[in-house]
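A quick write-up on the structure given underneath.
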Amino acid sequence: KLIILDMSGNPLSRDNSYRIYTLYVLKKLKVLDGNTIEGFEQQQAREHFTGRLTEEILREKLDGRRAEDITELDLSNCRLKDFEEMFNHRVFPHLSELVLSGNEFTSVKMLGYLPCLKILILQANRIESLYYNTDPGIQKGLNGCQNLDIIDLGKNCLKDFNGLQFCKLGELKILKAYQNEITKIDNLDNLKQLKELDVNHNKIKQFDVNSFEARNPIKCLKIDDNGLKNFNNIQKLVRLQHLFANSNRINEFHDVDRLC
């Protein structure tokens, strides 16, 4: 492991990020370009780059392929954190499937404009909100991925679907949000093609009047283990064909009648 490195006089050494990035990558380094490395510099390097999508991580995952050529990218368990627009059309112009499971994201701000993206897997992060901006003209966050077919948000920290009302996700067919802390279903009105909603293992006690718009397109609803007390307002799901609602608190026969 290198402890002394001198690259002074190279064009790279004049880059503003050269020293801090080198300290981050070469963690055992003691002297760089003749200058002793201080403890605070190492700390700054860790704070600045930990959780970022570095070229080192990307090279490893791409395995010799060019970023502009790939259609599928799996960056699971890379300790990535919330940095603005980490993924966009400029870097990944043909990306159709993005897997970011098991990282440390708390929001969706890492998503930029990704018009080719069809499948987005964000399970097992720390996402607390889907909100990015109220302006539907800003194509970032989930609103930057307007051709999505599938979103998997399972095993996060969501309490609701706030933010989806500002996203143009008219092609979305499957929304998975199992094992969160969701207490109500709302803000799904823009999802005109939604066929499957998975909210298993949340905290939804009832369907509110505004949970589903009239003639909602959902055909499959998974709501196991929520403490659901009744099927009030489920009648709006006129296309419902598959209902999974085990381990809840349904106690009355007239709730079965509501499914007719």
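Salt bridge annotation for E196-K222: present, with a cationic side-chain nitrogen under 4.0 angstrom from a carboxylate oxygen. Ionic pairing of K229 and E252 is not present here: no N-O contact between side-chain nitrogen and carboxylate oxygen is shorter than 4.0 angstrom. In summary, K173 and D149 engage in a salt bridge, as defined by a charged side-chain N under 4.0 Å from a carboxylate O.
Annotation: side-chain hydrogen bond (donor to acceptor under 3.5 Å, both in side chains) contacts involving residues 110-124, sequence neighbours excluded, comprise Q123-Y178.
Here the straight-line distance linking atom CG of N202 with atom CD1 of I223 works out to 8.0 Å at 0.5 Å rounding. Distance NZ/K155 to CZ/R126: 15.0 Å, rounded to 0.5 Å. In this structure, CG in L164 is found 9.5 Å from CG in L194, a value given to the nearest 0.5 Å. With rounding to the nearest 0.5 angstrom, the CG atom of L58 is 7.0 Å from the CD1 atom of I70. Atom NZ of K109 and atom CE of M86 lie 10.5 Å apart (nearest 0.5 Å). Atom CD1 in I4 sits 8.5 Å away from atom CG in L29 (nearest 0.5 Å).
Cluster annotation: L191 and I174 are assigned to distinct hydrophobic clusters (Ile/Leu/Val/Met/Phe/Trp/Tyr, side-chain heavy-atom contacts under 4.5 Å, transitive). When hydrophobic clusters are built by joining Ile, Leu, Val, Met, Phe, Trp and Tyr residues whose side-chain heavy atoms come closer than 4.5 Å, directly or via intermediates, I121 is not grouped with V108. Each of F244 and I182 belongs to its own hydrophobic cluster when Ile, Leu, Val, Met, Phe, Trp and Tyr are linked at side-chain heavy-atom distances under 4.5 angstrom. Side-chain heavy atoms closer than 4.5 Å link hydrophobic residues (I, L, V, M, F, W, Y) into clusters, and following such links, even through other members, never connects I150 to L172. F212 is not connected to V238 by any chain of hydrophobic side-chain contacts under 4.5 Å among Ile, Leu, Val, Met, Phe, Trp and Tyr, and they are in different clusters.
Of the possible donor and acceptor atoms, none in the side chain of N125 sits under 3.5 Å from a partner among the backbone N and O of I127. In this structure, the side chain of S96 engages the main chain of T71 through a donor-acceptor pair within 3.5 Å. Within the 3.5 Å criterion, the main-chain N or O of G154 finds a donor-acceptor partner in the side chain of D152. With hydrogens and angles disregarded, no donor-acceptor distance shorter than 3.5 Å links the side chain of N248 to the backbone of I250. Between the S211 side chain and the I185 main chain, a donor and an acceptor come within less than 3.5 Å of each other. Checked by atom type and distance alone, the side chain of E41 never pairs as donor or acceptor with a backbone atom of G39 at under 3.5 Å. D15 places no side-chain N or O within donor-acceptor distance of the main-chain N or O of S13, the cut-off being under 3.5 Å. In this structure a side-chain-to-backbone donor-acceptor pair under 3.5 Å is present from K236 to V209. A donor-acceptor distance shorter than 3.5 angstrom exists from the side chain of N103 to the backbone of R79, with no hydrogens or angles considered. With D6 contributing its side chain and S8 its backbone, the two residues share a donor-acceptor pair below 3.5 Å.
By the 4.5 Å heavy-atom criterion applied to side chains, F105 and L80 are counted as neighbours. In this structure, L153 and L175 have side chains that are in contact, with non-hydrogen atoms separated by less than 4.5 Å. Residues L228 and F207 meet the side-chain proximity criterion, which asks for heavy atoms closer than 4.5 Å. Residues L100 and F87 have side chains in contact (heavy-atom distance under 4.5 Å, counting atoms from C-beta outward). Contact check for F161 versus N180: no side-chain heavy atoms found under the 4.5 Å cut-off. Considering only heavy atoms from C-beta on, D160 stays 4.5 Å or farther from L130 through its side chain. A heavy-atom distance below 4.5 Å is found between the side chains of T183 and K203. Contact of the N133 side chain with the K140 side chain is not registered, since no non-hydrogen atoms from C-beta on lie closer than 4.5 Å.
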Evaluate the side-chain contact (heavy atoms from CB on, under 4.5 Å) criterion for residues D257 and F231: first the C-alpha distance (whole Å), next the side-chain angles of each, then the deciding distance (0.1 Å), finally the verdict.
CA-CA 9 Å; D257 296 336; F231 287 139; over 6 Å; no
C145 vs L114, side-chain contact (heavy atoms from CB on, under 4.5 Å): CA-CA, chis, key distance, verdict:
CA-CA 5 Å; C145 312; L114 292 166; 4.3 Å; yes
Decide side-chain contact (heavy atoms from CB on, under 4.5 Å) for T22 and M7; before the verdict, give the C-alpha distance in whole Å, the side-chain angles of both, and the deciding distance to 0.1 Å.
CA-CA 11 Å; T22 303; M7 291 182 59; 6.0 Å; no
Given I234 and L243, is the side-chain contact (heavy atoms from CB on, under 4.5 Å) satisfied, shown in steps?
CA-CA 11 Å; I234 202 173; L243 175 61; 4.2 Å; yes
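When each of N233, N230, N232 is paired with R258, the side chain to side chain donor-acceptor pair (under 3.5 Å) condition holds for N232 and for no other. Checking each of L111, L148, I119 against L98 for a side-chain contact (heavy atoms from CB on, under 4.5 Å) leaves exactly one that passes, namely L111.
Counting non-hydrogen atoms of other residues, nucleotides and ligands closer than 6.0 Å to NZ of K184 gives a total of 12 or fewer. Environment of CG in D69: crowded, with over 12 heavy atoms of neighbouring residues, nucleotides or ligands closer than 6.0 Å. Within 6.0 Å of the NZ atom in K27, the count of heavy atoms belonging to other residues, nucleotides or ligands exceeds 12. Summarising the local packing, CG of D135 is surrounded by more than 12 heavy atoms from other residues, nucleotides or ligands at distances under 6.0 Å. More than 12 heavy atoms of other residues, nucleotides or ligands sit less than 6.0 Å from atom CZ of R65.
Closest approach of E97 and L117 over heavy atoms only: N-CD1, 3.7 Å. Taking both residues in full, the closest heavy atoms of A124 and N156 are given as N-ND2, 4.0 Å, listed atom of the first, atom of the second, then distance. M110 approaches L122 most closely through the heavy-atom pair CE-CD2, 3.5 Å. Of all heavy-atom pairs spanning V99 and S76, the tightest one is CG1-OG, 3.4 Å. When all heavy atoms are compared, the tightest approach of N162 to S129 is O-OG, 4.3 Å. In terms of heavy atoms, L221 sits closest to L237 at CD2-CD1, 4.0 Å.
F166 and Y131 have perpendicular rings, their planes meeting at more than 60° on a 0 to 90° scale where under 30° would count as parallel.
For Q146, the side chain to side chain donor-acceptor pair (under 3.5 Å) partners are N143, not counting sequence neighbours.
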